[in-house]
Amino acid sequence: MIELGVNIDHVATLRQARRTWEPDPVWAAVEAHLGGADGITVHLREDRRHINDDDVRRLRELTQVKLNLEMAATDEMIGIACRLKPEMAMLVPEGRQEITTEGGIDIVAGEVRLRECVARLSDAGIVTSVFIDADPAQVDAAARIGARVCEIHTGPYAHAFHANGRDIGSRTVRAELERVRAAGEAVRAAGMRFNAGHALNYYNVQPIAALAGVRELHIGHAIVSRAVFVGLRSAVSEMKRLMREAGTSA
């Protein structure tokens with residue numbers, strides 16, 4: 001059954017706006033779990049712009065939900081993951097000036113280095129994931145470096161959905177959805193787990209959740225935004241209901 005990983009980075013973004021101690025990402029993780037989240041995702045960036053080292057340590061120690069640690073493929077981040085041992089570590093590209101992750105990691109270009117990173121994480125007992133574009137060459141490279149999970153970048157689909165009036169029947173939207181579907185099929189054929197995420201929200205999530213074999217969606221900004229008005233438990237519960245409905249109707 002499809003699972004929901006809730007990204008709580010923007011709870012920390014709100015905290016950092018005032019450089020204070022609240023809202024606490026650990027509290028957010030507990031609320032998300034109580035709302036039905038199957039996991040918590042955080043991105044520990046090199047510049048620590050929102051989530052920081054203490055957040056990750058406390059999430060590991062104090063919460064009872066699986067932790068997915070997003071990170072750049074650097075020696076520092078691999079070392080942190082190996083010490084903390086999250087259930088999953090996801091390698092993502094990272095740019096200092098970007099507002100959010102703008103695309104998948106280029107495994108083809110960095111295959112040797114990324115194979116070493118995956119090996120170190122695997123030796124520490126951590127499930128290794130890569131965030132990639134819906135590109136067959138990247139799927140093949142992910143399998144070669146030993147990744148166990150591929151999270152397919154759904155941003156192009158989400159942007160097309162919005163630009164075309166939220167019309168799932170639009171040719172452009174259908175084409176982007178097909179790219180995600182085909183990539184997911186290739187991921188599964190290679191023996192890896194098919195996850196998906198980026199820019200998913202309450203309006204566009206169901207066609208992705210209905211794709212065959214998708215195991216987990218990672219969603220953050222939309223849920224935290226909705227939580228401002230209805231609370232985090234309710235926001236998570238509503239998203240999970242939409243995902244489950246899509247899965248049962250597929």
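All of these numbers come straight from a predicted model, not from anything done at the bench.
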When you check the gap from the basic side-chain N to the acidic O, do [X] and [Y] get nearer than 4.0 Å?
X: Asp9; Y: Arg45; result: no
X: Arg58; Y: Glu61; result: no
X: Arg174; Y: Glu178; result: no

Please determine whether side chain to side chain contact (heavy atoms under 4.5 Å, CB included) holds for the pair Val92 and Ile105, giving the CA-CA distance in whole Å, both sets of side-chain angles, and the decisive distance to 0.1 Å. CA-CA 5 Å; Val92 300; Ile105 192 167; 5.8 Å; no

N/O donor-acceptor pair under 3.5 Å between [X] side chain and [Y] backbone:
X: Lys240; Y: Gly36; value: yes
X: Tyr157; Y: Asn204; value: yes
X: Glu94; Y: Glu46; value: yes
X: Asn52; Y: Arg48; value: no
X: Thr154; Y: Gly197; value: yes
X: Gln138; Y: Ile107; value: yes
X: Asn7; Y: Val42; value: no
X: Arg144; Y: Glu111; value: no
X: Gln206; Y: Leu242; value: yes

Begin with the C-alpha distance, continue with both residues' side-chain angles, and end with the deciding distance and a verdict on side chain to side chain contact (heavy atoms under 4.5 Å, CB included) for Thr128 and Leu91. CA-CA 8 Å; Thr128 55; Leu91 301 177; over 6 Å; no

Rounded at 0.5 Å granularity, tell me how far [atom1] in [X] sits from [atom2] in [Y].
X: His221; Y: His198; atom1: NE2; atom2: NE2; answer: 10.5 Å
X: Ile40; Y: Arg60; atom1: CD1; atom2: CZ; answer: 11.5 Å
X: Met239; Y: Tyr202; atom1: CE; atom2: OH; answer: 4.5 Å
X: Glu70; Y: Leu44; atom1: CD; atom2: CG; answer: 10.5 Å
X: Asn201; Y: Ser225; atom1: CG; atom2: OG; answer: 9.5 Å
X: Glu176; Y: Ser170; atom1: CD; atom2: OG; answer: 10.0 Å

Can Glu151 and Ile132 be said to form a side chain to side chain contact (heavy atoms under 4.5 Å, CB included), step by step? CA-CA 6 Å; Glu151 179 168 321; Ile132 60 172; over 6 Å; no

Using the test ring-ring contact (aromatic ring centres under 6.0 Å, His included), find all partners of His159 that sit at least two apart in sequence or belong to another chain. none

Working note: Leu177 + Ile168, criterion side chain to side chain contact (heavy atoms under 4.5 Å, CB included); need CA distance, chi angles, decisive distance, verdict. CA-CA 9 Å; Leu177 185 63; Ile168 191 60; 4.2 Å; yes

Would Asp38 and Lys66 count as a salt bridge (charged side-chain N to carboxylate O under 4.0 Å, His left out) here? Give the steps. CA-CA 7 Å; Asp38 301 287; Lys66 68 181 181 182; over 6 Å; no

Single hit among Arg15, His10, Gln16 for side chain to side chain donor-acceptor pair (under 3.5 Å) with Thr13: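 Going through Arg15, His10, Gln16 one by one, the side chain to side chain donor-acceptor pair (under 3.5 Å) with Thr13 is satisfied by His10 alone.
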
Sole candidate of Thr41, Val26, Leu59, Asp55 that passes side chain to side chain contact (heavy atoms under 4.5 Å, CB included) when paired with Ile8: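 Option passing the side chain to side chain contact (heavy atoms under 4.5 Å, CB included) with Ile8: Leu59.
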
Does atom [atom1] of [X] have more than 12 heavy-atom neighbours from other groups under 6.0 Å away?
X: Gln64; atom1: CD; answer: no
X: Arg120; atom1: CZ; answer: yes
X: Arg215; atom1: CZ; answer: no

Residue pair Asp133, Arg179: steps toward the salt bridge (charged side-chain N to carboxylate O under 4.0 Å, His left out) verdict: CA-CA 9 Å; Asp133 293 329; Arg179 289 183 66 225; over 6 Å; no

Does Arg166 make a cation-pi contact with Tyr203 (under 6.0 Å, within 45 degrees of the axis)?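 Checked: cation-pi criterion met.
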
Should [X] and [Y] be counted in the same cluster of Ile, Leu, Val, Met, Phe, Trp and Tyr side chains packed under 4.5 Å apart?
X: Val149; Y: Val118; answer: no
X: Leu62; Y: Leu232; answer: yes
X: Leu217; Y: Val127; answer: no

Quick one, Arg244 with Glu238, criterion salt bridge (charged side-chain N to carboxylate O under 4.0 Å, His left out). Give me CA distance, side-chain angles, the key distance, then yes/no. CA-CA 10 Å; Arg244 292 286 170 85; Glu238 183 180 352; over 6 Å; no

Parallel, tilted or perpendicular: which describes the rings of Phe131 and His153, with under 30° parallel and over 60° perpendicular?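 Ring orientation, 0 to 90° scale: tilted.
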
Assess, by modelled atom type and distance only, whether the side chains of Glu87 and Asn68 contain a donor and an acceptor separated by less than 3.5 Å. no

Please examine the side chains of Asp53 and Arg57, heavy atoms only from C-beta on, and report whether any two atoms are closer than 4.5 Å. no

Run the salt bridge (charged side-chain N to carboxylate O under 4.0 Å, His left out) test on Glu185 and Arg188 for me, step by step, so that the C-alpha distance in whole Å, both residues' side-chain angles and the decisive distance to 0.1 Å come before the verdict. CA-CA 5 Å; Glu185 184 176 298; Arg188 295 168 64 209; over 6 Å; no

